[in-house]
Enquirer: 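Can you read through this structure? Questions will come right after.
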Amino acid sequence: MLKEDDIEIAELIRLETKRQNESLELIPSENFTSPAVIEAMGSVLTNKYSEGYPGKRYYAGNEFIDKVEQLAIERAKKLFGAEHANVQPYSGSPANFEVYFALLEHKDKILAMDLNHGGHLTHGHSVNFSGKNYAFTHYGVDEKTEMLDYDAIRKIALKEKPKLILSGASAYPRTIDFKAFSEIAEEVGAISMADIAHIAGLVVGKAHPSPFPYTDVVTTTTHKTLRGPRSAIIMCKEKFGQKIDKAVFPGMQGGPHNHIIAAKAVCFKEAMAPDFAVYARQIVKNAKALADELMSAGFKLVTNGTDNHLILMDVTKSGLTGKEAQLALEKAEIICNKNVIPFDKRSPFDPSGIRMGTPAITTRGMKKKEMKEIAGFIEKALKNHRDEAALAKIKSDVKEMLKGFPLPY
Ligand code: DSN
């Protein structure tokens with residue numbers, strides 16, 4: 001037992017469990033997995049090496065591991081409607097690198113969304129492996145609407161002639177038109193790739209349009225709206241399957257994390273159940289309700305609302321910086337993250353915005369009524385951001401509210 005073998009780690013896990021129970025989790029990329037997913041992650045499957053793929057391994061003793069991986073593959077394909085799935089990627093960043101490595105040459109051109117407009121580090125930021133090894137060129141959002149402008153993206157694609165066009169974002173509150181992206185890619189002879197890490201759960205729950213069947217290659221993490229273990233998968237059209245598999249192993253990775261692959265299989269089964277679609281739709285309903293309440297309270301949201309699980313708020317209009325807002329909310333046990341907003345004049349360390357989302361609180365069972373209450377907490381905390389007593393009172397109100405929505409651990 002951990003408690004007897006390592007009291008320090010056991011105690012830290014106990015405290016983190018308590019923190020998760022007693023705080024309002026609004027980081028849009030976080031969620032609470034089921035006990036079944038956690039059980040699979042904590043299983044003896046972690047003990048086994050299995051380089052290779054089902055039926056073709058470099059180590060003996062993989063009879064059951066093969067079945068686990070095969071189940072995960074079949075479930076991923078069925079869940080997303082994909083022709084091919086590789087369930088071995090360790091996490092989102094390796095999955096993206098594996099796609100670039102599989103389908104491109106060093107310094108080939110990729111067109112992707114600018115991190116400052118909502119993209120991701122692995123979508124070609126200059127400090128990241130992606131930006132250092134491939135020739136990225138970026139599109140952003142329109143300055144007036146703060147939304148993607150597909151005509152403008154098409155013009156960049158025609159001019160730049162990239163080998164791969166990447167759609168997907170980590171801080172974009174609106175629907176992404178994957179069909180439009182694929183059409184642009186086809187017109188310029190590029191491979192189309194979508195990174196749906198943030199919205200995978202919405203996609204399978206039909207609360208956001210799917211990148212399938214249009215997109216050539218799709219990566220996703222499995223722990224955000226999809227509510228599985230901290231990991232990732234790559235899916236693609238059959239014609240790219242062999243190259244993708246080779247890039248994952250032996251190209252970039254060694255032994256697959258079999259306990260995590262099992263947990264991914266569990267998560268895919270959970271996401272196929274009818275109640276998952278209800279959950280996915282409720283995430284969006286909650287985000288819209290929270291956005292409406294915040295806007296009614298006078299806050300400025302990027303794009304003036306949301307279509308998905310995520311809200312990006314410009315807090316400078318309320319006289320704060322993103323860092324100040326994050327800290328004030330944290331003192332009230334409301335957990336979000338500071339974030340740049342499109343055309344931000346401030347630095348990423350203390351940007352103009354905060355990013356919030358509803359996947360985790362929806363897992364706890366919250367609905368429209370609670371969104372009104374949460375907007376009220378946020379409003380009070382930001383208006384009283386220097387008043388420690390006021391923040392402490394909100395914290396105790398948050399704790400009281402959360403008692404009605406217990407976590408299963
Ligand atoms: N860190 C994730 C997020 O918060 O969006 C992306 O990798």
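Atom set for the values below is all heavy atoms of this structure, side chains included, hydrogens, waters and symmetry mates excluded. Every number for a ligand or one of its atoms is a count from 1 in the order of the listing.
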Enquirer: Using a 4.0 Å heavy-atom cut-off, say whether E30 meets ligand 1 through its side chain, its backbone, both or neither.
Expert: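 Near ligand 1, E30 shows nothing, with every heavy atom at 4.0 Å or more.
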Enquirer: With the threshold set strictly below 4.0 angstrom, can you tell me whether any protein non-hydrogen atom sits that near atom 4 (O) of ligand 1?
Expert: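 Under the 4.0 Å cut-off, atom 4 (O) of ligand 1 does have protein heavy-atom neighbours.
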Enquirer: Which atoms of ligand 1 have any heavy atom of H198 under 4.0 Å away?
Expert: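 Per the distance check, 3 (C), 5 (O).
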Enquirer: Going by the atom numbers of ligand 1, which of them fall below 4.0 Å from some non-hydrogen atom of H120?
Expert: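 Selected atoms, number and element: 6 (C), 7 (O).
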Enquirer: Are D314 and K317 close enough for a salt bridge, meaning some N to O gap below 4.0 Å?
Expert: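 Salt bridge flag = yes for K317 with D314.
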Enquirer: In terms of side-chain geometry, is the basic nitrogen of D151 or K155 positioned less than 4.0 Å from the acidic oxygen of its partner?
Expert: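 Between K155 and D151 there is no salt bridge, as every charged N stays at least 4.0 Å from the carboxylate O atoms.
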Enquirer: I want to check a possible cation-pi pair here: R227 against Y279, using under 6.0 Å from ring centre and within 45° of the ring axis as the test.
Expert: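 Judged by the rule, R227 and Y279 form a cation-pi pair.
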Enquirer: So, are K331 and E388 salt-bridged, with charged N and O less than 4.0 Å apart?
Expert: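 A salt bridge is present here (some side-chain N lies under 4.0 Å from a carboxylate O).
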Enquirer: Please say whether S170 places an N or O atom under 3.5 Å from an N or O atom belonging to ligand 1.
Expert: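 No, no N or O pair falls under 3.5 Å.
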Enquirer: Under 4.0 Å from a heavy atom of R355: which atoms of ligand 1 are those, numbered in the order shown and with their elements?
Expert: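 Here the atoms of ligand 1 in question are 3 (C), 4 (O), 5 (O).
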Enquirer: Mark up the atoms of ligand 1 that fall under 4.0 Å of a heavy atom belonging to S29, in ascending order.
Expert: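 It comes down to these atoms of ligand 1: 3 (C), 4 (O), 5 (O).
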Enquirer: Check this for me, if you would: do K338 and D350 make a salt bridge, where the nitrogen-to-carboxylate-oxygen distance has to be below 4.0 angstrom?
Expert: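 Looking at D350 together with K338, the answer is no, because their closest N to O distance does not fall below 4.0 Å.
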Enquirer: What is the closest protein heavy atom to atom 2 (C) of ligand 1, and at what distance does it sit?
Expert: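 In this structure, atom 2 (C) of ligand 1 has K224 CE, 3.9 Å as its nearest protein heavy atom.
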Enquirer: List for me each residue that meets side-chain hydrogen bond (donor to acceptor under 3.5 Å, both in side chains) alongside K18, sequence neighbours excluded, and say none if there are none.
Expert: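 Listed in chain order: E22.
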